[in-house]
Structure formats: C-alpha cells, structure tokens
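Numbers for residues simply follow the sequence, beginning at 1.
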Amino acid sequence: MAINWFRAVPKLRHSEPEFIRSHAFSLSFSPTKRAFSGSGRIATALSSSSSSMSYAKELAAAKKAASLAALLCQKVQKALLQSDVHSKSDKSPVTVADYGSQAIVSLVLERELPCESFSLVAEEDSGDLRKESGQETLERITKLVNDTLANSDFSSVSNLTTEDVLRAIDNGKSEGGSSGQHWVLDPIDGTKGFVRGDQYAIALGLLDEGKVVLGVLACPNLPLTSISGNNQHSSYDKVGCLFFATVGTGTYMQPLDGSSLIKVHVSTTENPEEASFFESFEAAHSLHDLSSSIAQKLGVKAPPVRIDSQAKYGALSRGDGAIYLRFPHKGYCEKIWDHAAGCIVVTEAGGVVADAAGNPLDFSKGKYLDLDTGIIVTNQKLMPLLLKAVKESLDEKVSSL
C-alpha cells in the first residue's frame with residue numbers, strides 16, 4: 001500500500017509569529033542536513049510589506065522544493081558527464097532528472113502547503129513510465145527521489161513507492177487558468193544545456209488569479225559572479241544560484257547552499273551601445289539573425305551572451321546584461337512554464353518583460369502564452385528604444401519575404 005507520506009509527517013510547531021518563521025526559512029533553507037541560519041533582522045526587513053507576508057509560506061516551500069530538485073539534477077548531471085561519450089546521446093539520464101525533479105517539487109509543495117485544491121501546471125506526465133518499457137526508468141527515478149530526500153530535511157520520511165512517485169508526477173496535469181492558485185513548473189529548463197554540462201534551471205512560479213506572484217529559479221551551474229561579456233566560458237570557483245521574488249518585494253539571489261543573500265537589480269544603463277544582450281544558446285530555439293539585426297540597430301557593440309534556460313532571466317535580474325531577446329521559429333507556441341518564474345524575477349528586479357509589440361505577458365489563458373512574435377526583456381529606460389528597433393527589424397524581415 002502506498003504511503004501518503006506528506007500527510008503522515010507531523011508539522012512542526014513554533015512559537016514565532018508566522019511571517020517571521022516563514023521568512024527565516026525562506027532565506028536560509030539548506031537542502032542538505034546543515035542547520036538553518038535565518039536572520040531575524042533580514043526577515044523583518046523583507047516582511048515589511050503586506051505582499052511579502054501574503055506569500056511567505058509559499059516562498060519558503062518553493063525554495064525548499066527547487067533547492068532539493070537542483071540537488072537531484074546535479075547528481076544526474078555529474079554521473080552523465082562522467083560517463084563515456086557515447087552515452088551522452090542517450091536521453092535516459094535527462095529523462096530521469098526531468099521526472100525526478102518534478103516529483104520532488106510536487107511532493108515538497110504538497111507536504112509544506114497542504115491544500116485540497118493543490119494545482120500544478122508542469123511539463124511531464126507519467127504516461128510513458130506506466131508502460132512496461134518504462135519500468136526500469138521508473139525504478140531509477142524512485143531510487144533517486146528517495147536518496148535525495150534521505151539526505152535532506154525530509155530524512156525521516158518513509159521511503160516512497162513507485163506509485164507514490166507516479167502520483168506526484170501526475171499532480172502536474174493542471175491546465176492553469178485565470179482563477180485560483182496554480183503552481184507552474186519546468187523541472188529542467190534547458191535540457192540541451194543539461195546534457196552538455198552547461199546552464200539549466202529548475203523554474204517554479206505561482207499564479208494567483210492569472211497573475212505571477214512568486215518565482216524561484218534554481219540555476220545549479222550559474223556562477224555567483226557576473227557572466228557578462230566574454231566571461232561566460234571562464235572558469236569559476238563558485239557556481240549555483242537561487243533567485244527568488246514575490247510580488248512587491250524585489251528580487252534576491254543567494255547560493256544554492258542557502259548561505260547569505262543579496263538583493264539584485266537589473267542594469268540601469270541608458271546607452272544601448274553598452275547594453276549587452278542574452279539569447280538562446282541553440283539557434284533552433286531563437287532567430288539569431290533577427291536578434292543580430294535588432295542589436296545592430298541599437299548600436300550594441302558587445303557580442304551576444306548565449307546561454308540555455310531561464311538562467312538568462314536570473315543573470316539579467318542581477319545586471320549581467322541589459323537585454324534578453326527571444327524570437328522562436330514560426331509555429332512554436334511558448335509555454336507558461338518557460339517564462340513564469342523568470343518573468344517575476346526580472347520585473348521585481350526593476351526590469352520589463354513584454355512581447356514584441358510591448359504587451360505584458362498573459363499567463364491566465366492556460367498552458368500557452370498568446371504572443372505577438374516573441375519576447376523582449378530589458379530595463380525601463382531601454383525598452384522604448386528596443387521596441388522601436390524590434391519593430392523596424394520585423395518590418396524589414398516581412399518585406400524581404
């Protein structure tokens with residue numbers, strides 16, 4: 001019989017006021033067995049607004065979930081990179097990490113935030129795992145999930161069965177929408193980067209009545225220092241960033257180990273010539289030629305910084321670059337989990353996220369974004385110039401067809 005483990009574990013009781021306790025946990029959670037090191041001073045500062053208090057519990061749970069999922073993904077990526085070159089074309093490692101990450105996030109959120117109306121919009125479902133051909137992969141995922149939880153704050157939890165893991169994955173079948181609360185998850189955003197050993201992210205957002213009110217980006221391979229200019233391929237001693245934001249409170253970054261955090265802000269540059277920009281690493285994911293045309297019209301001199309995943313949103317939120325351009329190929333429909341967490345991380349850091357016509361992104365219509373052509377991200381000062389360059393480049397592209 002499967003154990004409903006997140007219901008069976010008793011909730012701890014504390015004497016501190018709820019919003020202080022939640023913020024202390026959200027600021028300092030370490031996914032390993034290290035002690036919590038929350039600062040009451042910082043917690044009080046962060047909880048000064050009513051918005052902060054409204055989503056304190058959700059933020060704490062989201063940070064725990066994303067941090068644990070990052071640990072699981074790091075284990076799989078390390079094993080993948082240590083394997084021989086032929087096995088790197090094998091999709092099974094990233095499949096295991098993808099499903100395992102989604103199971104971890106689902107389980108942690110449901111345990112930390114018990115609610116009858118729990119809703120998760122996520123990329124994966126368990127259909128293939130329930131087939132006979134998927135049994136071996138399911139066993140690997142279940143073991144990985146259990147091992148990850150055993151080395152965390154959830155070490156006292158009974159071992160999960162394969163059925164527990166399948167159920168957790170299938171929590172992600174929600175369609176989202178404009179009413180109620182819906183968690184939005186990409187368990188591994190940037191799978192090609194993951195396989196290459198480069199950038200990827202666990203991206204978790206929360207919609208409330210169709211608006212993104214919370215976002216967490218766990219970026220295990222993103223350096224703690226800037227990747228601006230040509231530094232993205234340099235050697236770094238310290239990697240692993242956690243970005244998080246709730247509506248009205250700003251954006252913060254801390255190492256994935258849960259140590260000290262800083263408030264971050266987008267670049268304040270007003271000069272487009274100084275505005276380096278991000279775009280997708282893979283040419284198949286975005287029209288690099290269109291981005292190049294836009295950059296040329298702006299007078300951007302720096303070469304593009306090409307990295308995978310919503311790690312771009314995190315890097316931009318702390319000012320590594322000033323512009324992010326994403327123009328997918330014709331026929332591609334953007335999913336809400338590809339942008340929800342990144343969107344609020346940037347906007348709370350003072351940035352602007354819009355479609356190519358300057359409209360804000362609408363996350364209230366289900367799993368897909370209804371977009372005008374593409375997505376552009378920058379600071380408020382550069383946005384008018386960027387929109388003008390985008391329009392001119394798109395018009396030229398149309399006239400040349």
NE2 of H265 to NZ of K263, rounded to nearest 0.5 Å, is 8.5 Å
By salt bridge (charged side-chain N to carboxylate O under 4.0 Å, His left out), K335 pairs with (sequence neighbours left out) none
- Determine whether more than 12 heavy atoms belonging to other residues, nucleotides or ligands lie under 6.0 Å from atom NZ of K143. no
* K388 and E392 ion-paired at < 4.0 Å -> yes
Residue set satisfying side-chain contact (heavy atoms from CB on, under 4.5 Å) with A340, at least two apart, ordered chain then number -> V184, V212, F363
- Message: With no hydrogens and no angle check, just 3.5 Å: does a side-chain donor-acceptor pair link Q310 and H339?
- Response: no
Would you find a donor on one side and an acceptor on the other, under 3.5 Å apart, between the side chain of S174 and the backbone of V121? no
Original post:
Can you check whether T249's main-chain N or O pairs, donor with acceptor, with E348's side chain at less than 3.5 Å?
Top reply: yes
Residue pairs meeting salt bridge (charged side-chain N to carboxylate O under 4.0 Å, His left out), one or both in residues 202-224, sequence neighbours left out, come to none
dist E58:CD -> L206:CG (nearest 0.5 Å) comes out at 6.5 Å
- Query: Would you call K367 and E123 a salt bridge, using N to O less than 4.0 angstrom?
  - Reply: no
Review point. Side chains of Q77 and N221: donor-acceptor distance under 3.5 Å anywhere?
Key: yes
Check: Does the distance from a Lys or Arg side-chain N to an Asp or Glu carboxylate O, for R130 and D128, drop under 4.0 Å?
Finding: no
Counting distance only, does the side-chain N/O of K238 pair as donor-acceptor with the main-chain N or O of P223 below 3.5 Å?
no
In T142, D125, L138, T161, the residue satisfying side chain to side chain contact (heavy atoms under 4.5 Å, CB included) with L166 is L138
Value for OG (S119) from CG (L207), rounded to nearest 0.5 Å, stands at 8.5 Å
Is there a side-chain contact between L204 and W183 (heavy atoms, below 4.5 Å)?
yes
Correct closest heavy-atom pair for H182 and S179 would be NE2-O, 2.8 Å
Expected output: side-chain E175 to main-chain G366 donor-acceptor under 3.5 Å = no
Next item on the list: Please examine the side chains of F243 and L222, heavy atoms only from C-beta on, and report whether any two atoms are closer than 4.5 Å.
Entry: yes
*In sequence, state the C-alpha distance, the side-chain angles, and the governing distance for T246 and Y252, and then conclude on side-chain contact (heavy atoms from CB on, under 4.5 Å).*
CA-CA 10 Å; T246 53; Y252 294 82; over 6 Å; no
The side-chain contact (heavy atoms from CB on, under 4.5 Å) partners of E273 (sequence neighbours excluded) come to N271, K301
(Q) side-chain contact (heavy atoms from CB on, under 4.5 Å), that's the test. Do F277 and V305 meet it? Break it down for me. (A) CA-CA 6 Å; F277 68 97; V305 179; over 6 Å; no
Rounding to 0.5 Å, atoms CZ (R326) and CZ (F278) come to a distance of 15.0 Å
Of D186, D170, D98, the one forming a side chain to side chain contact (heavy atoms under 4.5 Å, CB included) with E124 is D98
Contacts satisfying salt bridge (charged side-chain N to carboxylate O under 4.0 Å, His left out) that involve residues 353-366 (not counting sequence neighbours) are D362-K365, K365-D370
*4.5 Å side-chain heavy-atom contact, I336 and D338*: no
Check your understanding: Does the side chain of S178 pick up a donor-acceptor pair with the side chain of S364 at under 3.5 Å?
Key -> no
- Using the side-chain contact (heavy atoms from CB on, under 4.5 Å) rule, take L369 and C333 through it: C-alpha gap first, then chi angles, then the decisive distance, then the call. CA-CA 7 Å; L369 291 171; C333 294; over 6 Å; no
ask   = With distance as the sole criterion, is a donor-acceptor pair present between the side chains of E110 and N171 under 3.5 Å?
value = yes
Note to self: Is any side-chain heavy atom of L386 closer than 4.5 Å to one of L325?
What the structure shows: yes
Would you say Y332 has more than 12 foreign heavy atoms packed within less than 6.0 Å of its OH?
yes
- [ ] Please confirm whether the backbone N or O of P255 pairs with a side-chain atom of S259, one donor and one acceptor, at under 3.5 Å?
- [x] no
- Query: Under 3.5 Å, side chain of D198 to main-chain N/O of F194, donor-acceptor pair present?
  - Reply: no
Ignoring hydrogens and angles, tell me if any N or O in the side chain of D320 forms a donor-acceptor pair with the backbone of I227 under 3.5 Å. yes
| Taking side chain as C-beta onward, heavy atoms only, is I376 less than 4.5 Å from I323? | no
>> Looking at I169, is its backbone amide N or carbonyl O close enough to the side chain of Q102 to form a donor-acceptor pair, meaning the two atoms are under 3.5 Å apart?
In response: yes
| request: Could you check if a side-chain atom of L107 sits within less than 4.5 angstrom of a side-chain atom of L160, using non-hydrogen atoms only? | output: yes
Of V345, V377, T347, the one forming a side chain to side chain contact (heavy atoms under 4.5 Å, CB included) with S317 is V345
Can a donor-acceptor pair be found between the side chains of T95 and S92 at a distance below 3.5 Å? no
Taking side chain as C-beta onward, heavy atoms only, is I202 less than 4.5 Å from D189? no
L144 vs V76, side-chain contact (heavy atoms from CB on, under 4.5 Å): CA-CA, chis, key distance, verdict:
CA-CA 9 Å; L144 188 61; V76 178; 3.3 Å; yes
Between R318 and T225 (side chain of the first, backbone of the second, donor and acceptor by atom type, cut-off under 3.5 Å), is there such a pair? yes
- Message: Just by distance, no angles: are the side chains of S291 and E279 close enough, under 3.5 Å, to form a donor-acceptor pair?
- Response: yes
CD1 of I344 to OG1 of T251, rounded to nearest 0.5 Å, is 7.5 Å
Practice problem: Carefully, step by step, assess K297 and E396 under the rule salt bridge (Lys or Arg N to Asp or Glu O under 4.0 Å). | Solution: CA-CA 12 Å; K297 290 183 182 301; E396 289 177 4; 2.7 Å; yes
Please examine the side chains of P187 and Y99, heavy atoms only from C-beta on, and report whether any two atoms are closer than 4.5 Å.
no
*Q135, CD: over 12 other non-hydrogen atoms inside 6.0 angstrom*: yes
Residues at least two apart in sequence or cross-chain that pass side-chain contact (heavy atoms from CB on, under 4.5 Å) with A322, listed by chain then number, are S267, T269, A275, L382
query: Once the angle between the rings of Y313 and Y324 is folded into 0 to 90°, is it parallel (under 30°), tilted (30 to 60°) or perpendicular (over 60°)?
result: perpendicular
One should read off an interatomic distance between R167 CZ and T162 OG1, to the nearest 0.5 angstrom, of 12.5 Å
